[in-house]
Amino acid sequence: MSVPITGHTGLLCLLGSPVEHSISPAMHNEACDQLGLDYKYLAFDVPEEEMPAAVEGLKRMHARGWNITMPGKNIMCKLADEVSPASEITGACNTIVNDNGRLTAYTTDGIGFMRAVEENGVEIIGKNMTLLGAGGAASAILVQAALDGLNQIDVFNVRDAFFPRLEEIAAKLNERTKCKVIVHDFDHPEELAEAIKNSSILVNGTSVGMAPNTDATLITDTSLLRPDLFVFDVIYNPQETKLLKDARQAGCKTANGMYMLLYQGAASFKLWTGQDMPVEIIKEKYFSN
Ligand code: NAD
């Protein structure tokens, strides 16, 4: 039941640029309506340099919390009073909780990933993972998976601007967790083959394969895709990337990034409201084919 907007209605929102494509307003407003919660969730197009002013305004207006998408994920961590362990390691966040003017930063993408994997009936705690990528999505996955207790994570990235930051994150995780994180240059196919051979899960955390370049895949040697390997792609457009198609044809269990997106939202919602998002309803309305 939708609660009418009154003088009591609380504000939740998304900050970033662009934001108009985001599914977050639909997902969070539906969840509030279903639970009869007196919040409304809006999306505001805010460039990075305007984030400090926007945050100051939201604090003064007592907004309960907000999500942050690019390009504000790093600066938002610096504007928070406290940061979660995962956000501290990556220096990025996608969720702020405002407790009477005190801001806490969290990153829920990795939480969303772990829950999406679990929902596929795949157990990865204590196992090995091969992760492709070192950008926003891949870093969040890397940190949460290490904190949650994977045994070993082999991360591959091309030597682009993300690489030095990946090495820093890996060093922190090797110091602070029991998970062994090994960073590889993507240009070493024999290391990639060996890592996948020893992994239960292969994750594409890069944008390679995303529309419109749907014929692209980082795994060109499909003999690496064996039937007992779970293959996860963070991409949700297209719903089946070339990698996932190749993996399915090789007999692997596969999953795309849709439920990671859903469950990162559910984790943010829980932080703001203390309530569980009614995910089955949200799935049916916004995440079914
Ligand atoms: P990003 O720009 O932060 O990172 C891009 C990554 O792709 C880097 O690791 C980069 O090295 C790699 N890359 C790009 N082009 C490459 C190439 N030609 N060869 C090899 N590597 C290449 O992007 P991001 O925010 O991490 O997003 C990555 C993908 O994840 C996007 O498709 C995005 O839609 C998706 N995503 C999904 C979710 C979800 O909840 N499912 C969340 C965030 C992002």
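Model, not experiment: these values are computed from the prediction. Counting starts at 1 for both ligands and their atoms, following the listed order.
Remark: ligand 1 atoms within the under-4.0 Å shell around heavy atoms of D160 are 10 (C), 11 (O).
Closest to atom 1 (P) of ligand 1 among all protein heavy atoms lies F162 CZ, 3.7 Å. Of the protein's heavy atoms, G136 N, 2.9 Å lies nearest to atom 3 (O) of ligand 1. Of the protein's heavy atoms, M260 CE, 4.1 Å lies nearest to atom 42 (C) of ligand 1. Considering only non-hydrogen protein atoms, atom 44 (C) of ligand 1 sits nearest to A137 CB, 3.7 Å.
Nearest to atom 28 (C) of ligand 1 by heavy-atom distance, out of A140, S207, G209, A138, is S207. Checking V234, L132, V208, I141 against atom 17 (C) of ligand 1, the nearest heavy atom belongs to V208.
Atom NZ of K40 has more than 12 neighbouring heavy atoms from other residues, nucleotides or ligands inside a 6.0 Å radius.
Geometrically, ligand 1 and N157 share a nitrogen or oxygen pair separated by less than 3.5 Å.
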Evaluate E56 against R60 for salt bridge (charged side-chain N to carboxylate O under 4.0 Å, His left out), listing each step before the verdict.
CA-CA 6 Å; E56 197 48 43; R60 289 185 192 204; 3.2 Å; yes
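Of all the heavy atoms of F113, none lies under 4.0 Å from any atom of ligand 1, so neither backbone nor side chain is involved. In M210, the part holding a heavy atom less than 4.0 Å from any atom of ligand 1 is the side chain.
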